[in-house]
There are 2 protein chains.
Amino acid sequence: MRDIAKAAGINIAMISYYFGSKEKLMEELFKMRMSAGLASVKEISENTMLTTVEKLEKALSGYMDRVKHNKSFYKVILAEQATNKNKSVIRFMSRLKETYAKFFESVLNEGYASGAFKNRVDPVLFITTITGTIMQSLLNKHLYATHYGVKVTEEWIRDVYFEKVKEHLKTITRNILGYESNS
Amino acid sequence: MRDIAKAAGINIAMISYYFGSKEKLMEELFKMRMSAGLASVKEISENTMLTTVEKLEKALSGYMDRVKHNKSFYKVILAEQATNKNKSVIRFMSRLKETYAKFFESVLNEGYASGAFKNRVDPVLFITTITGTIMQSLLNKHLYATHYGVKVTEEWIRDVYFEKVKEHLKTITRNILGYESNS
DNA sequence: AAGTTAATCAAACATTTGTTTAACTTTATT
DNA sequence: AATAAAGTTAAACAAATGTTTGATTAACTT
């Protein structure tokens, strides 16, 4: 709390004054940061101009971009889920995941119905692979860099690494679902 | 530390007496639990009787089994990497990951050389997807269960859920690398 | 301008947490 | 059996941590 107050340039008592407790502060943080993802999914599913593949790729690239611009926050998400301490955050994440699950399930079903996707996959496990790849990419930056002898800088992460991950995501999605590239 | 001592049925001072500090206790835990993975990789790469696909599938199924039998520990691994606090654990994990990276790189190269694998993938990003899927499957148990209306029990997790994840892993590996099923 | 409410702060408070101490018991050595 | 070493413990210690208090200042309201 002291670190947060210092970083925010405020007195520590202000956090309790405005948020009530550390737990509630975390809750607000989650609600605020997660709303962008929900809005993006909502917008995509309501857009009738998009093909199934476009919907899918738009969702994935949006997801990647949000993680790319909120690296620390997504590490907090990981830590929160792994430690399982803040119950209201866990509940919040569960609801959120269910929303994403329904979205991806409907996109996959649309693709199977139209014949765009040739390979059957469990939608929940598909999300698990996508989310897992993105989250793990946050933890494997240094592995990638040292393996290929590159120096880790903010620019490299932003302009090179995350672009490679994005491309990789596209590739594996195409291979997993079995559809042809259109770009 | 008090919780650990209680769970172990020992006095809290014993931890300092035998391990020195909380950090060093964690280090020992990591060294101990991770040695199985290293041994498995070593054994597989030294076994000349196996085909490339067999090596790959043996490594993945071994990995899955270790996670399945040490669920809490792998959540600790996730939390440790996400919070980035214990530097010696981070260093240890980095060395370990590099070992795995080299292993998978050589397996993939072997597959490309023999023509067994048709699709090119970056080996480090391939590991990222595999590890990510497995780790995320630890966090998505409840999503899977509620999405399909199943009750979460230890038996269900062990006998049903992780078997589904294992199957899924096999499927996506096959699709990502582009090789044919042999079973 | 007086009075009320809201915002801010330094300090105090009460737990929690990792570590150490000092006394003791048990085990091993001669 | 006597002595030393190793193992074990309850209690104390010091630092960290989330929260509250009570005083002070700033911002509205009439």
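In what follows, chains are A, B, ... by sequence order, proteins preceding strands, each numbered from 1. All values derive from a computational prediction rather than experimental measurement.
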- Query: Is atom NZ of B/Lys166 surrounded by more than 12 heavy atoms (other residues, nucleotides or ligands) closer than 6.0 Å?
  - Reply: yes

- Query: Which nucleotide span of DNA chain C, 5' end to 3' end, has atoms closer than 4.0 Å to non-hydrogen atoms of chain A?
  - Reply: C/dA6 to C/dA10

- Can you label the angle between the A/Phe92 ring and the A/Phe30 ring as parallel, tilted or perpendicular, going by 30° and 60°? perpendicular

- Residues touching DNA chain C, which here means a heavy atom under 4.0 Å, drawn from residues 16-24 of chain A: A/Tyr17, A/Tyr18

- Message: Does this structure show an ion pair linking A/Glu27 with A/Arg91, if we count only N-O contacts that are shorter than 4.0 Å?
- Response: no

- Checking B/Asn70 side chain against B/Phe73 main chain: does a donor-acceptor pair fall under 3.5 Å? no

- To the nearest angstrom, how far is B/Asn11 atom CG from D/dA10 atom P? 6 Å

- Could you state the CD1-C1' distance from B/Ile15 to D/dG7, rounded to the nearest angstrom? 15 Å

- As a check of understanding: the bend across the helix from C/dA1-D/dT30 to C/dT30-D/dA1, end axes from five pairs, rounded to 10 degrees, works out to 0°

- Query: Rounded to the nearest Å, what distance is computed from the CE atom of residue A/Met14 to the C1' atom of nucleotide D/dG18?
  - Reply: 15 Å

- Message: Rounded to whole Å, please give me the gap between CD1 in B/Ile12 and C1' in D/dG7.
- Response: 17 Å

- Query: Would you call the rings of B/Tyr63 and B/Tyr74 parallel, tilted or perpendicular, where under 30° means parallel and over 60° means perpendicular?
  - Reply: tilted

